[in-house]
Asker: 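Below you will find the structure I want to go over with you.
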Amino acid sequence: MTLKAVLFDFNGVIVNDEPIHEKIIDRLMLDENLQLKRGEVREVCLGRSNRACITALLERRGRFLTETYLARLLLRKAEAYKVQINTLEKLPIYPGLTEFIAKIRAAGLKMAVVSGAMRSDIELVLDRAGLAANFELIVAGDDLKASKPAPDGYLLAVELLNQKYPEFNLQPIECLAIEDTFAGIEAAKKAGIQVAGVTHTYPFHMIQRQANWTVDYFADLELDRVAELCSIAPTEPAAQNT
């Protein structure tokens, strides 16, 4: 097997926007006459889709939503996110990402985003950061009801890449996922995809227990060494964590 595609998570991997999401979700809950506990958004929502996050927070408080009302809340959140992002003079894109993407492109690998974020959130940031053209496709939270740690998003990304490039014959083992949360790592592994964990959200020692490859910075992800992951069983962490 050879490495053919790199699949990026979005929040916490491409953009450091978790504080923005927490602020928006807190406001949404207050508008519903509900109050969050300190740290609850991090506990419930990290690595999960917007749909799963909001649903779980409300269910904890005895609120069960219709699809129509949930869609309304998700739209309000997306609109608030756009407002917040547009007020920023500089996007909080993680250091080294642009250079890492350039290396992937130079190696001739395909790229996609696989995230539980809303498509409008992802497109807004990628367009403004000048990164959108690098990605063959986006699998967003809008596309699936299942959230990470379910593997559905990653499996759909492989399927869509094969539809777009019929001669590609992409297999999950030929992909590398870039993730920052336990839910995301689990989702990729369930899909048969190996994972490079970046320590943007959790400490190195915690990510190292879950991911096949663990780094603090994108600059540490050397593509020639990453490609070796294709010969390692996806359930076993790589020995070369740095």
Asker: Can Y217 be reached from I93 by stepping across I, L, V, M, F, W or Y side chains whose heavy atoms are under 4.5 Å apart?
Answerer: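 Not linked; separate clusters.
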
Asker: Find out whether L176 and L109 are in side-chain contact, i.e. whether some heavy atom of one side chain is under 4.5 Å from a heavy atom of the other.
Answerer: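 The answer is no; the side chains never approach within 4.5 Å.
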
Asker: Do the non-hydrogen side-chain atoms of I20 and L88 ever get within less than 4.5 Å of each other?
Answerer: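 Heavy-atom side-chain distance check passes, below 4.5 Å.
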
Asker: Check whether any side-chain heavy atom of E18 sits under 4.5 Å from a side-chain heavy atom of L46, and report yes or no.
Answerer: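 Yes, side chains in contact.
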
Asker: What distance separates L57 CG from I25 CD1, expressed to the nearest 0.5 Å?
Answerer: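 Reported to 0.5 Å precision, the distance equals 6.5 Å.
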
Asker: Is it true that a side-chain atom of D216 and a backbone atom of T199 form a donor plus acceptor pair closer than 3.5 Å?
Answerer: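 The answer is no, because no donor-acceptor pair under 3.5 Å joins these two groups.
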
Asker: Transitively linked via ILVMFWY side-chain contacts under 4.5 Å: L155 with M111?
Answerer: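 Unlinked, L155 and M111 end up in two clusters.
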
Asker: Does Q163 have more than 12 heavy atoms from other residues, nucleotides or ligands lying within 6.0 Å of its CD?
Answerer: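 Atom CD in Q163 is packed in, count exceeds 12.
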
Asker: Drop me the distance from L70's CG to L65's CG, to the nearest 0.5 angstrom.
Answerer: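 Reported to 0.5 Å precision, the distance equals 5.5 Å.
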
Asker: Show your working on side chain to side chain contact (heavy atoms under 4.5 Å, CB included) between F135 and I14 and close with a plain yes or no.
Answerer: CA-CA 12 Å; F135 295 94; I14 290 176; 4.1 Å; yes

Asker: Are the side chain of T55 and the backbone N or O of A52 linked by a donor-acceptor pair below 3.5 Å?
Answerer: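 It does not hold such a pair.
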
Asker: Between Q210 and E179, is there a side-chain heavy-atom distance shorter than 4.5 Å?
Answerer: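 The answer is no; the side chains never approach within 4.5 Å.
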
Asker: Are T181 and K148 packed together at the side-chain level, in the sense that at least one heavy-atom pair is separated by less than 4.5 angstrom?
Answerer: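 No, too far: nothing below the 4.5 Å cut-off.
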
Asker: Does the side chain to side chain contact (heavy atoms under 4.5 Å, CB included) test come out yes or no for V125 and D17, once each step is laid out?
Answerer: CA-CA 10 Å; V125 169; D17 61 356; 5.5 Å; no

Asker: Decide yes or no on side chain to side chain contact (heavy atoms under 4.5 Å, CB included) for L58 and M29, but give the supporting numbers first.
Answerer: CA-CA 8 Å; L58 287 168; M29 294 299 107; 4.0 Å; yes

Asker: Out of curiosity, D26 CG to L34 CG, how far, rounded to the nearest 0.5 Å?
Answerer: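 Here the rounded value is 11.0 Å.
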
Asker: Can R63 and E32 be said to form a salt bridge (Lys or Arg N to Asp or Glu O under 4.0 Å), step by step?
Answerer: CA-CA 10 Å; R63 295 275 298 277; E32 295 295 312; 2.6 Å; yes

Asker: Would you compute the distance between atom CG of L223 and atom CG of L3 and round it to the nearest 0.5 angstrom?
Answerer: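 The CG atom of L223 sits 7.5 Å away from the CG atom of L3.
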
Asker: Within a strict 4.5 Å, meaning less than it, do heavy atoms of the F218 and V13 side chains meet?
Answerer: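 In short, these two side chains touch, coming nearer than 4.5 Å.
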
Asker: Does R51 pair with E67 as a salt bridge, N-O distance under 4.0 Å?
Answerer: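 A salt bridge links R51 with E67.
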
Asker: Is there side-chain contact between I104 and F100, with heavy atoms separated by less than 4.5 Å?
Answerer: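 Yes; the side chains approach each other to less than 4.5 Å.
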
Asker: For atom OH of Y165, is the number of surrounding heavy atoms from other residues, nucleotides or ligands below 6.0 Å larger than 12?
Answerer: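 Buried by this count: over 12 neighbours within 6.0 Å.
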
Asker: Decide whether V44 and L30 are clustered together by the hydrophobic rule: side chain heavy atoms of Ile, Leu, Val, Met, Phe, Trp, Tyr closer than 4.5 Å, transitively.
Answerer: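 No.
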
Asker: Distance from I178 atom CD1 to L97 atom CG, nearest 0.5 Å?
Answerer: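 Interatomic distance, I178 CD1 to L97 CG, rounded to 0.5 Å: 10.0 Å.
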
Asker: Would you verify whether the NZ or CZ of R119 falls within 45 degrees of the ring axis of F10 while also being under 6.0 Å from that six-membered ring's centre?
Answerer: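 Ring-cation test returns no.
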
Asker: Which residue, E167, E174, E136, forms the salt bridge (charged side-chain N to carboxylate O under 4.0 Å, His left out) with K4?
Answerer: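 It is E174; the other options fail the test.
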
Asker: Hey, is E43 close enough to K37 for a salt bridge, meaning N to O under 4.0 Å?
Answerer: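 No, this pair does not count.
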
Asker: Assess whether atom NZ of K23 is packed by more than 12 heavy atoms of other residues, nucleotides or ligands within 6.0 Å.
Answerer: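 Count not over threshold, so no.
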
Asker: What heavy-atom pair brings I207 and G197 nearest, and what distance separates the two atoms?
Answerer: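 Reported closest heavy-atom pair: CG2-CA, 3.7 Å.
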
Asker: Is E99 salt-bridged to K103, going by a charged N under 4.0 Å from an acidic O?
Answerer: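 So E99 does not pair with K103 through a salt bridge.
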
Asker: So K82 and I85, do their side chains get closer than 4.5 Å, heavy atoms only?
Answerer: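 In short, these two side chains do not touch, never coming nearer than 4.5 Å.
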
Asker: I would like to know whether Q194 and I173 meet side chain to side chain contact (heavy atoms under 4.5 Å, CB included); could you show each step before the answer?
Answerer: CA-CA 7 Å; Q194 301 190 65; I173 192 64; 3.5 Å; yes

Asker: On the 0 to 90° scale, with breaks at 30° and 60°, tag the Y81-H21 ring pair as parallel, tilted or perpendicular.
Answerer: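 Ring orientation of Y81 relative to H21: parallel.
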
Asker: If you round to the nearest 0.5 Å, how far is CD1 of I122 from CZ of F8?
Answerer: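 These two atoms lie 13.0 Å from each other.
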
